Participant: 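Below: one structure in structure tokens.
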Amino acid sequence: MAEAITLPVATDWLNRLAARYATERDWLVELDSAIGDGDHGANLARGFAAVRDKLQAAPPADVAALFRLVGMTLISTVGGASGPLYGTLFLEAGKKAAGAASLDVAGWRACLEAGVAGIRARGKAEAGEKTMLDALLPAVAALDGTALPAALLASAAAATHGSDATIPLIARKGRASYLGERSVGHRDPGAASSVMLLDELAQAAA
Amino acid sequence: MAEAITLPVATDWLNRLAARYATERDWLVELDSAIGDGDHGANLARGFAAVRDKLQAAPPADVAALFRLVGMTLISTVGGASGPLYGTLFLEAGKKAAGAASLDVAGWRACLEAGVAGIRARGKAEAGEKTMLDALLPAVAALDGTALPAALLASAAAATHGSDATIPLIARKGRASYLGERSVGHRDPGAASSVMLLDELAQAAA
Amino acid sequence: MKKLINAPEAVVAEALAGMQAAHGDLLRVSFDPAFIARADAPVAGKVAIVSGGGSGHEPMHGGFVGHGMLDAACPGAVFTSPTPDQMLAAAQAVDGGAGVLFIVKNYTGDIMNFDLAAELVRDGGIAVEQAVIDDDVAVQDSLYTAGRRGVGTTVLAEKICGAAAAEGQDLAAVAALCRRVNAQGRSMGTALTSCTVPHAGKPTFSLAEDEIEMGIGIHGEPGRTRMKLAPADRIAELLLEPVLADLPFRSGDRVLLFVNGMGGTPLIELYVLYRRAAEICAQHGLVIARNLVGNYITSLEMAGASITLLKLDAEMERLWDAPVRTPALRWGM
Amino acid sequence: MKKLINAPEAVVAEALAGMQAAHGDLLRVSFDPAFIARADAPVAGKVAIVSGGGSGHEPMHGGFVGHGMLDAACPGAVFTSPTPDQMLAAAQAVDGGAGVLFIVKNYTGDIMNFDLAAELVRDGGIAVEQAVIDDDVAVQDSLYTAGRRGVGTTVLAEKICGAAAAEGQDLAAVAALCRRVNAQGRSMGTALTSCTVPHAGKPTFSLAEDEIEMGIGIHGEPGRTRMKLAPADRIAELLLEPVLADLPFRSGDRVLLFVNGMGGTPLIELYVLYRRAAEICAQHGLVIARNLVGNYITSLEMAGASITLLKLDAEMERLWDAPVRTPALRWGM
Ligand SMILES: Nc1ncnc2c1ncn2[C@@H]1O[C@H](COP(=O)(O)OP(=O)(O)O)[C@@H](O)[C@H]1O
Ligand SMILES: Nc1ncnc2c1ncn2[C@@H]1O[C@H](COP(=O)(O)OP(=O)(O)O)[C@@H](O)[C@H]1O
Ligand SMILES: [Mg+2]
Ligand SMILES: [Mg+2]
Ligand SMILES: [Mg+2]
Ligand SMILES: [Mg+2]
């Protein structure tokens with residue numbers, strides 16, 4: 001049971017994510033086929049496989065460097081909407097993590113908050129527009145207390161609720177917005193992938 | 001009951017054929033789809049509809065003129081292999097019919113013989129190569145006696161047998177020949193349409 | 001899924017290799033990062049035009065690289081925007097000292113990736129402008145959505161701006177021209193069948209045997225409405241009505257009429273559609289001064305078509321006629 | 001059946017009207033009898049080249065009418081040879097006093113109709129030659145069958161002979177050249193899906209989800225064998241092996257490699273196929289001096305492709321490069 005997000009925990013997290021997105025690739029593709037263009041699962045599987053390979057080839061010196069490497073790699077291998085968005089999340093998180101040997105709950109909260117703010121700035125979306133933000137914003141809000149594993153579990157659970165809550169929404173941003181009313185009744189793929197992101201972090205720290 | 005193929009009988013024959021090929025269009029298309037390119041029914045429906053219209057617009061003066069008109073019309077409206085072949089049949093028949101007010105069994109036999117010879121010359125096919133000739137050649141051979149309706153019925157029956165006999169053959173001429181062995185087990189569409197041609201003549205003269 | 005491919009992951013790179021093999025006289029392919037550049041790039045003193053987007057829309061954009069059109073194209077994964085490092089490398093490879101214009105289709109992913117790239121290019125000391133194409137009238141436009149998609153007008157803008165750059169117009173002028181072309185162009189498309197993204201392995205959507213999707217996007221994004229299959233003449237009307245009303249086009253306007261196939265519709269049907277589209281234009285008093293018919297901005301093997309109408313001015317007409325030599329569009333040389 | 005048409009009977013005439021509307025600067029359409037002629041025909045003193053065949057193979061042949069290629073094309077009903085009166089009228093319209101060459105694909109119907117037409121044209125006092133294209137190696141050739149089908153080499157022969165006629169070669173020379181091109185060209189194709197003839201309303205044949213037909217004809221005629229879907233690289237090998245063996249092509253030969261789409265296969269896949277085809281040619285020591293990639297001789301919306309290899313000589317290379325301006329093939333002007 002980890003008390004902080006150390007470099008090994010963070011590395012484990014990213015390796016888990018590569019495996020998770022490979023496994024969930026088809027489901028995310030299916031979600032994206034319903035209201036988008038069917039590539040979200042392939043995009044993330046490709047991007048996080050590249051992350052795993054880079055981490056293996058040249059292990060970063062600290063958590064901040066790791067986050068920056070992840071951000072750069074996602075931006076240069078994912079493409080689409082999710083590449084710059086998740087890339088920005090990690091780049092901004094990397095800035096906040098600079099200098100820290102490890103992250104406690106408050107430290108991680110600052111990172112995630114900055115990352116999500118980066119996503120808002122880049123994508124110009126708000127809560128309730130049926131995007132990954134609808135999973136990420138509740139996840140930030142749910143991060144409190146001092147016990148790391150518990151806080152991460154609560155954060156992931158909040159993301160799950162947020163993701164579920166995208167189903168009845170009308171999409172206003174991203175490709176699903178072209179559907180208007182017809183986007184109702186479908187889960188946002190980016191919200192689903194954000195849940196996995198936070199869930200694997202909770203697992204890595206458990 | 002007609003004792004000779006007069007102008008009214010011949011006109012009735014061609015009108016019947018226009019109706020018959022319209023009705024049998026889909027079946028002939030189906031036969032041609034199996035071992036050809038799926039247009040035989042459409043080709044003949046188009047061609048004989050044009051024949052019907054021309055006969056109505058400018059009724060010919062005698063049987064020979066009617067045959068020539070049919071031949072010219074088929075050649076200029078059918079296309080494909082069957083257009084020139086059936087066109088030639090009628091053009092050559094028209095030459096033989098020249099000067100005759102009507103055709104008795106011998107007269108019609110001379111016409112059909114000349115027409116089938118024309119088809120052989122144009123298409124360079126022989127008996128047993130799975131073409132319309134396999135219906136037409138037996139139909140010529142079966143034409144004898146002096147009672148016209150009976151002779152025509154016998155001729156049509158021989159054509160039917162000939163058409164049935166194409167089913168086990170390997171096609172050697174026309175588009176079906178590309179199939180080689182795989183043409184076995186299918187009726188030749190041109191043989192099938194030749195049966196209709198002779199059958200409607202027997203009906204018109206009945 | 002039935003495709004002439006080796007593996008879904010390999011399609012884009014292998015098609016690039018095929019383009020390199022077939023068109024080595026015209027273009028040069030970089031595989032990592034992936035971009036296609038003019039063989040003779042950089043052209044000193046000329047504004048360089050770079051576009052890009054997901055693969056699966058061929059010949060757009062790679063087939064438009066060459067003299068008088070694009071200097072470089074960046075292909076993403078199928079239906080996925082390319083990444084900023086591709087655009088950065090392409091811009092660096094083709095900048096001839098007069099700066100780079102990014103022509104960007106309005107999709108969230110494309111916009112964000114090109115934005116990131118523009119920052120990087122600018123940081124590297126190369127002047128860069130971006131022009132966004134958002135001509136698809138099927139999509140509701142509003143401040144609160146992602147806005148209209150970029151479709152058929154992209155092809156026309158790339159040709160016209162390519163000619164402007166070739167005749168020596170500067171970056172500001174070429175960018176302004178591109179925005180003007182976009183402002184004057186409107187499109188709408190329809191799908192008769194879905195397409196199948198190779199890595200997805202099954203059709204993006206499904207339509208009944210007698211159903212079509214009106215207002216389809218080029219990534220198989222659903223459109224405005226689903227309706228029963230109608231005669232081509234009626235479909236031409238339903239596609240053109242919103243296009244005509246939107247600008248609006250007015251009697252006496254000189255236009256370019258572009259009937260585009262989505263990839264799986266045979267040319268004979270595109271001409272049937274063109275016939276009626278031209279009649280409708282004539283009924284509205286439009287003068288079809290130029291036209292284009294064929295598969296230029298496609299959606300893999302989707303059956304369907306789109307109609308783009310561009311209101312021309314004298315400069316656009318002149319630049320449209322200027323020589324162009326690319327794998328997919330060529331005249332005058 | 002899902003098509004962008006109004007009625008099966010109307011497709012050909014309406015597509016012709018669309019071509020007239022779109023390409024009035026290049027060509028002139030006669031509707032009855034149906035043919036497409038160069039807008040500036042007859043060209044005095046030039047050999048006129050007339051081709052034709054069933055519709056559904058667009059852009060062939062109508063899309064190849066114009067400067068430097070065909071003087072006229074006669075479209076039949078879909079997949080049905082045109083009729084002699086069409087060819088007669090076309091020949092009369094485009095003969096410039098130097099005679100007419102009929103380029104005929106080897107199908108029983110085409111042969112017979114063009115034969116009849118040649119008699120009529122000759123009777124009318126116009127010199128006429130016929131050259132038959134029969135390049136499809138999928139078909140067993142023998143004195144006792146209809147012989148090989150005419151496929152991809154037709155496009156190349158029409159371009160090369162069109163250039164020869166444009167530079168003033170006489171009828172005998174152009175006809176001899178056409179026969180030489182045919183003698184040096186070999187093709188084979190594959191289908192991944194069937195096509196649907198409009199008046200038939202359902203697919204001509206059916207293939208299982210994992211089956212392809214090797215050696216397919218351009219009318220959906222079944223080919224040599226049915227096999228499991230294979231990787232594109234393997235399909236390139238299976239198409240090229242019989243082509244290479246047949247002429248035979250030899251190391252050092254200069255060739256034109258033509259990868260043709262059947263209509264429903266996206267360009268990105270044709271480039272994947274081209275990539276491997278070019279590799280195979282290189283392995284055999286062939287020099288790919290020229291190439292062509294795209295949908296030029298199609299089979300409605302059939303998914304699939306064909307590969308044509310033409311052994312070039314210096315004259316063919318020069319004539320291939322000569323300017324051409326038609327709706328579907330254009331360069332140098
Ligand atoms: N403007 C935006 N802000 C935040 N998230 C967005 C925005 N646009 C799209 N997304 C997210 O991106 C997801 C789609 O990602 P992906 O399919 O990889 O990219 P693309 O839409 O370019 O194909 C959506 O499900 C949504 O969660
Ligand atoms: N050389 C030939 N001699 C006689 N009949 C032939 C020959 N070639 C084809 N046929 C007949 O023509 C029929 C096909 O006609 P049709 O489908 O209208 O023409 P196409 O084969 O050009 O599509 C065949 O079924 C056969 O009976
Ligand atoms: Mg997507
Ligand atoms: Mg047929
Ligand atoms: Mg995408
Ligand atoms: Mg036919």
Side-chain angles (χ1 to χ4, degrees), chain A residues 25-26 28-47 49-50 71-88 91 119 121-126 128-131 170-183 186 190, chain C residues 8-9 33 52-54 56 74-86 88 107-117 120 136 138-140 142-149 194-205 215-226 299:
Chain A
R25 182 183 167 286
D26 290 351
L28 292 174
V29 161
E30 211 170 285
L31 291 179
D32 197 32
S33 295
I35 56 170
D37 59 354
D39 60 359
H40 191 56
N43 291 347
L44 295 188
R46 182 175 63 246
M72 295 297 294
T73 304
L74 293 180
I75 286 175
S76 68
T77 59
V78 174
S82 55
L85 292 172
Y86 282 132
T88 299
L91 285 185
I119 289 179
R122 172 108 7 241
K124 302 185 182 66
E126 297 301 325
E129 297 193 319
K130 198 174 183 122
T131 71
I170 297 185
R172 301 269 176 225
K173 286 281 146 59
R175 210 176 286 279
S177 69
Y178 307 137
L179 271 173
E181 304 272 331
R182 290 158 80 188
S183 61
H186 299 277
Chain C
E9 320 76 64
C74 302
V78 173
F79 290 179
T80 300
S81 158
T83 58
D85 56 318
Q86 293 175 259
L88 173 62
Y107 300 93
T108 304
D110 294 67
I111 294 287
M112 291 193 296
N113 283 286
F114 271 101
D115 273 350
L116 279 166
L120 297 171
D136 189 345
V139 170
Q140 289 288 333
S142 118
L143 265 179
Y144 309 104
T145 66
R148 287 181 164 174
R149 301 174 294 215
S194 178
C195 52
T196 297
V197 176
H199 57 240
K202 48 188 178 197
T204 304
F205 57 97
I216 193 79
I218 55 169
H219 307 90
E221 311 99 319
R224 279 191 174 192
T225 51
R226 234 160 233 220
S299 195

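Letters A, B, ... mirror the listed sequences (proteins, then strands); counts begin at 1. The structure displayed is predicted, hence computed values, not measured ones.
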Participant: The test is side chain to side chain contact (heavy atoms under 4.5 Å, CB included); show your working for C:Asp115 and A:Arg122 and say whether it passes.
Facilitator: CA-CA 9 Å; C:Asp115 273 350; A:Arg122 172 108 7 241; 4.0 Å; yes
Participant: Which bit of C:Tyr107 comes within less than 4.5 Å of chain A, counting heavy atoms only: side chain, backbone, both or neither?
Facilitator: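 Both backbone and side chain.
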Participant: Under a 4.5 Å heavy-atom cut-off, does chain C meet the side chain of A:Asp39, its backbone, both or neither?
Facilitator: both
Participant: Give me the atom names and distance for the closest heavy-atom approach of C:Val197 to A:Asp37.
Facilitator: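 Closest pair (atom of C:Val197, atom of A:Asp37, distance): CG2-O, 4.1 Å.
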Participant: How long is the gap from NZ on C:Lys202 to CG on A:Asp26, to the nearest 0.5 Å?
Facilitator: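 One gets 7.0 Å once the value is rounded to the nearest 0.5 Å.
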Participant: Between A:Gly80 and C:Asn113, what is the shortest heavy-atom contact and its length?
Facilitator: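 Here A:Gly80 and C:Asn113 meet closest at O-ND2, 2.7 Å.
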Participant: Of all the heavy-atom pairs spanning C:Leu116 and A:Pro84, show the shortest one and how long it is.
Facilitator: CD1-CB, 3.7 Å
Participant: Which answer fits A:Leu179, side chain, backbone, both or neither, if we ask what part of it has an atom under 4.5 Å from a heavy atom of chain C?
Facilitator: side chain
Participant: Between A:Glu30 and chain C, with a heavy-atom cut-off of 4.5 Å, which part of the residue counts as in contact: side chain, backbone, both or neither?
Facilitator: side chain
Participant: What is the minimum heavy-atom distance between A:Arg46 and C:Ala77, and which atoms define it?
Facilitator: NH1-CB, 3.6 Å
Participant: What residue, out of A:Asn43, A:Ile75, A:Val78, has the most heavy-atom pairs lying under 4.5 Å from chain C?
Facilitator: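 Ranked by contacts with chain C, first place is A:Ile75.
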Participant: Grab the two heavy atoms, one from C:Thr83 and one from A:Thr77, that are nearest each other, plus how far apart they are.
Facilitator: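 Smallest heavy-atom distance, with atoms named: CG2-N, 3.9 Å.
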Participant: Within the side chain of A:Arg25, is there an N or O that forms a donor-acceptor pair under 3.5 Å with the backbone of C:His199?
Facilitator: yes
Participant: Could you tell me which portion of A:Ser177 (side chain, backbone, both or neither) has an atom closer than 4.5 angstrom to a non-hydrogen atom of chain C?
Facilitator: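 Only the side chain of A:Ser177 comes within 4.5 Å of chain C.
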Participant: Examine whether an atom of A:Thr88 lies under 4.5 Å from a heavy atom of chain C, and if so say whether it belongs to the side chain, the backbone or both; otherwise answer neither.
Facilitator: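 It is neither, since no heavy atom gets under 4.5 Å.
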Participant: Looking at every heavy atom in both A:Arg175 and C:Phe79, which two are closest together, and how far apart are they?
Facilitator: NH2-O, 4.2 Å
Participant: Do the side chains of A:Lys173 and C:Thr108 get nearer than 4.5 Å, heavy atoms only?
Facilitator: no
Participant: Please answer whether the main-chain N or O of C:Gly223 pairs with a side-chain N or O of A:Arg182 as donor and acceptor at a distance below 3.5 Å.
Facilitator: yes
Participant: Checking C:Thr225 against chain A: side chain, backbone, both or neither under 4.5 Å from a heavy atom?
Facilitator: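 For C:Thr225, the contact with chain A is made by the backbone alone.
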